Q: 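The structure is given below, and queries will be raised subsequently.
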2 protein chains.
Amino acid sequence: MRASKFPEERRQQIIYLLKQEGKVTAQNLSVRLNVSEDTIRRDLKDLELSGHLTRVHGGALPRSPSHSPYSARQTQNTNAKISIAKEVTKLINSDQVIFIDSGTTALEVARQLPFDLNITVITNSPPVLIALSEHPNINVILLGGVLNKKSMALTGNTTQNALSKIRADICILGVCSLHDELGVTTTDFEEAELKRVMIENSSEIIVPITADKLGTAAPFGITTIEDISHIVTESTAPEKILTPYQKAGISITKVKS
Amino acid sequence: MRASKFPEERRQQIIYLLKQEGKVTAQNLSVRLNVSEDTIRRDLKDLELSGHLTRVHGGALPRSPSHSPYSARQTQNTNAKISIAKEVTKLINSDQVIFIDSGTTALEVARQLPFDLNITVITNSPPVLIALSEHPNINVILLGGVLNKKSMALTGNTTQNALSKIRADICILGVCSLHDELGVTTTDFEEAELKRVMIENSSEIIVPITADKLGTAAPFGITTIEDISHIVTESTAPEKILTPYQKAGISITKVKS
DNA sequence: TATATTATTGCATAAACATGCATATAAAAA
DNA sequence: TTTTTATATGCATGTTTATGCAATAATATA
């Protein structure tokens, strides 16, 4: 193991090793990185704080996918999400081709699609596929790729490539955050890329979003709000926050939850 | 069973084993995880406190009857399939790349993959992906394509194309029928194509199959039995039916169900 | 009820941990 | 450059954690 001059470099190495080997021990890292166990422990503490791993007595483990945002998010705000999703389905007509993005709100849209709707859905989200697998009139196409267990989305080069060859009428975008100045942002770099391609290849962009995500921002930018066609949100969303979107010519629907 | 140093790791393993086997006993866990029963009991107490299981005298049971997110146990899997699947997993080693085909038996193999196995799984079956989404050590790659709702498999040009670019160590083939003269056959034309490519691109072909499918045939041929490396089936399978395969040099494992 | 199995509790020990402190090093200010 | 400041690191310390063992209590089963 090369001697790393900077602590940051060493921490990166720890993350790398953890990913490679599934677990790390303070003792082992101390030897391999040529620093005392104390330093390693301090590193691990920092890395835990910044969300890169979970500490355990003796070392550290990857952040468990079972405690991942996904399964936790699944049950949050369900009623609001269902109401929003139902409203979104009204914007979809038969014979259209629809992108459905990953994310719990977009998943709910898939679940609420009426039985008599005759459309083709293209998605990178296995949960969306499962939800639609019993729908009699919807043709489902899944983009291939590597599974991101945290978000339950397929990502990577393959996914993006497959996506770039398809054009859709409507894109149901799953977003982490929406901000009038910073636009659409998300927490995962790779997914940001993917969402950008989705947007580029769709005629209409619909953003279903719960009120609590309005006015917030995440690290990775996807696009400005100009690309958005519709926003569907809760009636509890303050008028003031929505004004910039209305001015940008976005059609906004509010549902009571 | 890999030596797992961290208590947290051990507890995750307990959860995993409980999910797989429906129940665990302190005694059994003590042996399998190489710690005293005292430690196991302490683990179980913690896990009960954190809501992962319910304790009973002698061991523990799952908390909610079926805490599987989706259609996990939709197929009533016979004991035979589970036994076969468990046997198949013994043929897989860490760091290998595995194709897992669609079909209920192959799906069961995915479900039975042990906690500590570190492999990459490539599949065209969304149910397999869902089954593996909570597995901490398996990297899952899904082939894209159009969903065939009957078989819950992705098929089509896209799938085949993606598949043709990948080589695997082992292919777990889901088969409808196996006949000593007609070879491997299936009921769906497109899937036959796909399976053929899978076989071509794998070093080893493992066929898990229940006894009732032996000696039967379906419309679309996939390959002759020469390509098969292993067959895992039930001990109830008559010796006579298996003779041709043995003569073809195929290694056969029988499990009691 | 009697007996065997399983649980709990307290205790001992070794490993891992947090903390304060001293020192060394790097970055910033003079 | 020199001085100052902040950061990073290792060591000594007392503390916490993980674990197995033994004694006792609770529970299942004959």
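Predicted model only: the values in this text are computed from it and were never measured. Sequence lines set the chain letters: A, B, ... in the order given, protein chains first and strands last, and positions in each chain run from 1. These numbers come from the heavy atoms of this one structure, side chains and all, not from hydrogens, waters or symmetry mates.
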Q: Just compare C/dT6, C/dT9, D/dC11 and give me whichever is closest to any side-chain atom of B/H57.
A: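 Among C/dT6, C/dT9, D/dC11, the one nearest the side chain of B/H57 is C/dT6.
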Q: Starting at atom CD of B/E37, determine the distance to atom P of C/dA4, rounded to an integer number of angstrom.
A: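 From B/E37 CD to C/dA4 P: 17 Å.
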Q: Salt bridge check, B/K254 against B/E239: does any charged N sit closer than 4.0 Å to a carboxylate O?
A: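 Yes, B/E239 and B/K254 are salt-bridged.
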Q: Is the shortest distance from a Lys or Arg side-chain nitrogen in A/K45 or A/E48 to a carboxylate oxygen in the other one below 4.0 Å?
A: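 Looking at A/E48 together with A/K45, the answer is no, because their closest N to O distance does not fall below 4.0 Å.
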Q: Are A/E200 and A/R196 within salt-bridge range, i.e. N to O under 4.0 Å?
A: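 Salt bridge absent between A/E200 and A/R196.
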Q: Side-chain donor-acceptor pair under 3.5 Å between B/T104 and B/K81, yes or no?
A: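 Note: B/T104 and B/K81 side chains meet the donor-acceptor criterion.
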Q: Return the value, rounded to whole Å, for the distance between atom CD of A/Q27 and atom C1' of C/dA15.
A: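 Spelled out: CD on A/Q27 to C1' on C/dA15 is 9 Å.
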Q: Could you state the CD-P distance from A/E8 to C/dT25, rounded to the nearest angstrom?
A: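 The distance from CD of A/E8 to P of C/dT25 comes to 21 Å, rounded to the nearest Å.
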Q: Check this for me: does the side-chain of A/D38 come within 3.5 Å of the base of D/dC11 through a donor and an acceptor?
A: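 Pair found.
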Q: Between C/dA7, D/dG10, C/dC17, which nucleotide has the shortest distance from any of its atoms to the side chain of B/R41?
A: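 The closest nucleotide is C/dA7.
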Q: Can you check whether A/R42 has a side-chain N or O nearer than 4.0 Å to OP1 or OP2 of C/dA18?
A: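 For C/dA18, OP1/OP2 do not have a side-chain N/O of A/R42 under 4.0 Å.
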Q: So, B/S30 side chain and B/V35 main chain: donor-acceptor pair closer than 3.5 Å or not?
A: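 Side chain of B/S30 to backbone of B/V35: a pair is present.
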Q: In whole angstrom, what separates B/L29's CG from C/dT6's P?
A: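 About 13 Å, once rounded to whole Å.
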Q: In whole angstroms, how far is the C1' atom of C/dT8 from the CG atom of B/D46?
A: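 Roughly 14 Å, once rounded to whole Å.
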Q: Round to a whole Å and report the spacing from CG of A/D43 to P of D/dT7.
A: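 That distance rounds to 16 Å.
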Q: Can you check the B/N34 CG to D/dA18 C1' distance for me, whole Å?
A: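 These atoms are roughly 16 Å apart.
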Q: Phosphate oxygens OP1/OP2 of C/dC17: is one of them under 4.0 Å from a side-chain N or O of A/R55?
A: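 Indeed, a polar side-chain atom of A/R55 lies that close.
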Q: Would you tell me if any nitrogen or oxygen in the side chain of A/T39 comes within less than 4.0 Å of OP1 or OP2 on D/dG10?
A: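 Checking D/dG10 against A/T39, a side-chain N or O does come within under 4.0 Å of OP1 or OP2.
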Q: To the nearest Å, give me how far apart CG (A/N28) and C1' (C/dA15) are.
A: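 The answer, rounded to whole Å, is 16 Å.
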